[in-house]
2 protein chains.
Amino acid sequence: MTKAKKEIRVRVWVDLDGERFFGPGRAELLQLIQDTGSISKAAKSMGMSYKKAWAMVDEMNEKAKKPYVIAQKGGQKGGGTEVTEAGKKMVDAYTRMMGRIQAIVEKDKSLLDYI
Amino acid sequence: MTKAKKEIRVRVWVDLDGERFFGPGRAELLQLIQDTGSISKAAKSMGMSYKKAWAMVDEMNEKAKKPYVIAQKGGQKGGGTEVTEAGKKMVDAYTRMMGRIQAIVEKDKSLLDYI
DNA sequence: TAGCGATATGTTCATCTGTACATATCGATT
DNA sequence: AATCGATATGTACAGATGAACATATCGCTA
């Protein structure tokens, strides 16, 4: 038998009213939208279907106090998507929080002894 | 329109080799097994089917270095389940980690501003 | 006004998940 | 040996999820 590689990765989800609202996938998606200016490019870059990415964006825009992205249809380039200040700040806040949490996890690896 | 209640709950999952291995549900399940001495009672207490609870226990036992629970069949009481030292320590380590993470989340609520 | 490219949305199908139900198994006690 | 209660496991079905595919829509540009 081969030796099992035991990597530990901690994933943090923020629930809203009992439902998952924000997590690593959405943070990455928003970051990629910000980088590419396009939902479809971001989705392709993550290996995710455009429809799913769009649904995520739509849900976030619906549930958040202020929309995270603003999409434009038509035009020379066919359209495009911009991440709003609220979206950027959400990603930043989540990323910072993840960083602090990762630091804690790194510091206390006692979990590893029992996995 | 009614004012939406915006509660934030952070859920932490520990992935193992890319798959979810341990999270809040399993921590609660193990704790309840420890309290009740029975998988079925713990499952019922969580509103979870026995089969699913058993499958979780089985998977954890399979993947962890040492089993988290040891089950006994038969006997006067029909059987029972004991949480091992490794299992207790895993729950403790996870719970402690969650506590520290919660403390961080409490301290930095900047996320709330964008939800 | 025709073309382009991205947004927006619907439909279908396979897959995964969990529930519900059924059954078998075990071992101390009676 | 019959009973009991919990473990152990199989099967069938419903709901959720995601992938794949197909369209429709929009607005600038040429």
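Since the model is a prediction, treat every value here as computed from it, not as a measurement. First the proteins, then the strands, lettered A, B, ... as listed; each starts at 1.
- For B:R20, there are no salt bridge (Lys or Arg N to Asp or Glu O under 4.0 Å) partners, not counting sequence neighbours.
- Listed by chain and residue number, B:L32 satisfy the side-chain contact (heavy atoms from CB on, under 4.5 Å) test with B:S45 (two or more places apart in sequence, or in another chain).
- Scored by the salt bridge (Lys or Arg N to Asp or Glu O under 4.0 Å) test, A:E106 finds A:K109 as partners (sequence neighbours excluded).
- Per the geometry, CD belonging to A:E59 stands 10 Å off P belonging to D:dT17, to the nearest Å.
- Nearest-nucleotide positions on DNA chain C place A:T81 closer to the 5' end than the other of A:T81 and B:R20.
- Look at A:W54 and you won't find any side-chain N or O under 4.0 angstrom from OP1 or OP2 of C:dT7.
- Here the side chain of A:D15 pairs no donor or acceptor atom with the backbone of B:V10 at under 3.5 angstrom.
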Under 3.5 Å, which donor-acceptor pairs link side chains of residues 86-101 of chain A to any protein atom two or more places apart or in another chain?
{"unit_1": "A:Y94", "atom_1": "OH", "unit_2": "A:V12", "atom_2": "O", "d": "2.7"}
{"unit_1": "A:T95", "atom_1": "OG1", "unit_2": "A:V91", "atom_2": "O", "d": "2.6"}
{"unit_1": "A:R100", "atom_1": "NH1", "unit_2": "B:D108", "atom_2": "OD2", "d": "2.9"}

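- Not a single side-chain hydrogen bond (donor to acceptor under 3.5 Å, both in side chains) links A:T81 to another residue, sequence neighbours left out.
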> What string of B, S and - do you get for nucleotides 20-30 of chain D 5' to 3' if you count protein non-hydrogen atoms under 4.0 Å?
Replying inline: B----BBBBS-
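- By the salt bridge (Lys or Arg N to Asp or Glu O under 4.0 Å) test, B:K63 is found to be paired with B:E19, B:E59, residues two or more places apart in sequence or in another chain being considered.
- Both B:K52 and A:D58 sit near DNA chain C, but only A:D58 has its closest nucleotide nearer the 5' end.
- Residues from residues 33-48 of chain B placing a heavy atom under 4.0 Å of any atom in DNA chain D, listed by number, are B:S38, B:I39, B:S40, B:K41.
- Residue pairs satisfying the salt bridge (Lys or Arg N to Asp or Glu O under 4.0 Å) criterion with at least one member in residues 64-78 of chain A, sequence neighbours excluded, are absent.
- Rounded to a whole Å, the CE atom of B:M56 is 17 Å from the C1' atom of D:dT7.
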